[in-house]
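Working notes for the structure below.
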Amino acid sequence: MSGRAEQSNRSGQPKRSGEVPALALRGVTAGYERRAPVVRDVTLSIAEGEAVALLGPSGCGKSTLARVAALLHRPYAGTVTIGGETARGWRHRAPREQRTAVGVVFQQPRMSADPKLTLGALLTEPLRACGRGVEARRLGAELAREVGLDEELLGRRPHEVSDGQLQRACLARALVLRPRVLVCDEMTGMLDASTTAALVAVVERYRWRSGAALLAVGHDRGLLRRWCDRTLDFESAGGMTDSGSGGLRLRRAKDRPLKGAEHARTPRPPDTTTPAS
Amino acid sequence: MAGPQATQAAEATQATGAPWASRSGAVPHRPGRRALRVGVSAGVMAIVLAAVLLVPLLIPADPQDVRLDEKLQAPSWEHPFGTDRLGRDLLLRCVYGLRVSLLVGLVAALVATVLGTAIGAAAGALGGRADRLMMRLVDVFSAVPHLLLGIFIVAMFRPGVWPVVLSVGLTHWLSTARIVRAEVLSLRSRPYIDAAISGGASRTRVAVRHLVPGVLPQAVLAGVLMVPHAIWHESALSFLGLGIPAHQPSLGSLTEAARGSLLAGDWWPTLFPGLFIIIPTLAIAGLAGAWRERLNPRRRSELML
């Protein structure tokens with residue numbers, strides 16, 4: 001238990017010092033209306049190479065939390081630390097290296113793909129945005145193969161491909177800059193079982209190779225339990241039912257040993273089992 | 001070269017199917033009427049463009065050619081539109097006037113659209129304080145009657161084509177800026193903008209790569225719908241004697257010069273320039289309207305003049 005980096009809220013620093021978490025959120029309060037934040041005072045930390053699932057009913061704020069973690073939504077309070085470095089800004093104000101250290105895959109591929117770009121341009125767009133356009137052709141082809149997109153599909157536009165194919169391209173786009181943390185915001189919510197399995201396998205292969213951390217958001221308990229090392233439950237809507245706690249809070253789900261070897265597992269960093277101090 | 005406008009319109013109508021032919025049956029259904037409108041508009045525009053581009057090349061006659069012995073002649077075979085007070089051929093002058101008006105209309109609409117798109121996109125993409133400041137600026141500009149502002153701008157320069165272009169262009173970007181800003185705001189909250197930011201795109205890159213291409217169809221449509229308006233505006237300025245220099249034929253100055261002879265019962269020097277203003281602008285508006293219906297079929301198009 002003490003080896004876990006996750007904390008319930010308001011309990012301060014990770015218990016295990018000496019290890020830099022890949023992603024740490026401290027005291028995050030965020031939402032769309034200052035008086036009624038959706039997420040209140042959440043603390044969460046994900047170790048290098050760890051996969052954490054965030055479960056909860058819709059509208060409970062888990063996607064908001066994912067957006068905060070990806071530096072896309074400015075919280076009212078709290079800090080986000082990526083690879084030991086605390087974020088100083090949000091959206092465009094965040095330094096490019098910090099923004100690109102977190103890859104994001106959204107729930108709806110239709111909405112998260114620019115309808116004007118071909119799939120090939122779509123998945124290499126981050127390279128061009130970061131001034132690495134020369135590598136676009138090579139890395140694009142490589143990634144397309146990795147996520148299982150045919151060469152022929154790369155010339156098509158989003159409206160000419162299926163949701164599953166588009167989500168593959170969106171996943172490739174999230175991986176093209178080799179992020180240290182991958183945030184999957186209900187990535188498989190709109191997909192069929194076989195595409196879901198394929199995409200999860202792609203994510204796991206990438207994590208196996210790079211040792212990236214994963215924050216997977218969703219409400220498919222079965223999938224996320226099998227996929228991730230740890231699952232965290234958002235309690236059902238706070239404020240009304242749980243006024244004493246002052247709104248929503250994160251609760252530790254039952255710890256769960258991983259069963260089956262269906263997915264390639266990421267090796268835990270060596271010091272996770274032996275506390276450093 | 002070009003016959004009277006009424007005949008041209010009739011010819012174009014016949015080419016696409018006569019409207020009276022369907023009257024015997026039920027009420028004509030909408031797609032047919034739309035196709036008819038597009039056909040007529042396209043036909044009129046083709047004739048207008050051919051006249052404007054070819055007449056100065058093929059017919060050597062000078063529109064300034066004064067013949068006092070032939071003044072104020074009614075339309076005849078020799079002068080299909082008649083002649084004006086100084087005996088100048090009105091058909092030739094109308095074609096040259098339309099040439100100037102179309103040029104001014106196109107360039108001014110282009111200036112207005114580029115300016116409006118740039119300001120609208122900047123306001124929408126930047127958001128916050130910059131957006132509010134820019135939109136208040138737009139409000140201030142639209143509070144001033146734009147013809148008055150246009151006269152003010154024209155008055156600062158010597159008479160000529162370019163001051164008129166500037167005057168119309170600088171006073172007509174407001175609506176385009178509003179349209180573009182609204183579109184950009186709706187695009188800005190899409191997840192693909194989030195994805196671009198997460199991929200390291202700068203503000204400029206997001207605007208240039210994702211936002212402006214998304215609003216371009218709307219902006220171009222607004223620009224095309226602006227062309228008739230700009231033509232009317234140019235004619236209004238010339239009619240007031242502030243636009244194109246008096247010796248150069250322009251549809252506005254032709255109408256203005258003919259005002260006196262209207263009271264004497266000579267109808268042709270005002271009628272034909274007037275038709276030359278109305279018919280091409282309606283044709284452009286008809287084409288743009290059809291395009292708008294294709295872009296956004298739910299909203300019925302109306303003329304924007």
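Since we're looking at a predicted model, the values are computed, not measured.
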Taking side chain as everything from C-beta outward and backbone as N, CA, C, O, which of these in [X] sits under 4.5 Å from a heavy atom of chain B? Side chain, backbone, both or neither.
X: A:A70; result: neither
X: A:R173; result: side chain
X: A:V104; result: both
X: A:L127; result: neither
X: A:L71; result: neither

Kindly state whether the ring of A:H73 and the ring of A:Y32 have centres lying under 6.0 angstrom apart.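 They qualify: ring centres under 6.0 Å apart.
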Of the backbone (N, CA, C, O) and the side chain (C-beta and beyond), which part of B:R203 lies under 4.5 Å from a heavy atom of chain A, both, or neither? both
I'd like to know whether B:R178 forms a salt bridge (charged side-chain N to carboxylate O under 4.0 Å, His left out) with B:D139, so could you lay out the CA-CA distance, the side-chain angles of the two residues, the decisive distance to 0.1 Å, and finally the verdict. CA-CA 10 Å; B:R178 284 210 181 101; B:D139 289 345; 3.0 Å; yes
Donor on one side chain, acceptor on other, [X] and [Y], under 3.5 Å:
X: A:Q165; Y: A:S162; value: yes
X: B:T204; Y: B:R209; value: no
X: B:T113; Y: B:W173; value: no

Spacing of SG belonging to A:C170 relative to CG belonging to A:L122, to within rounding of 0.5 Å: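 Those atoms lie 5.5 Å apart.
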Who wins among A:E125, A:R96, A:K116 for the most heavy-atom pairs under 4.5 Å with chain B? A:E125
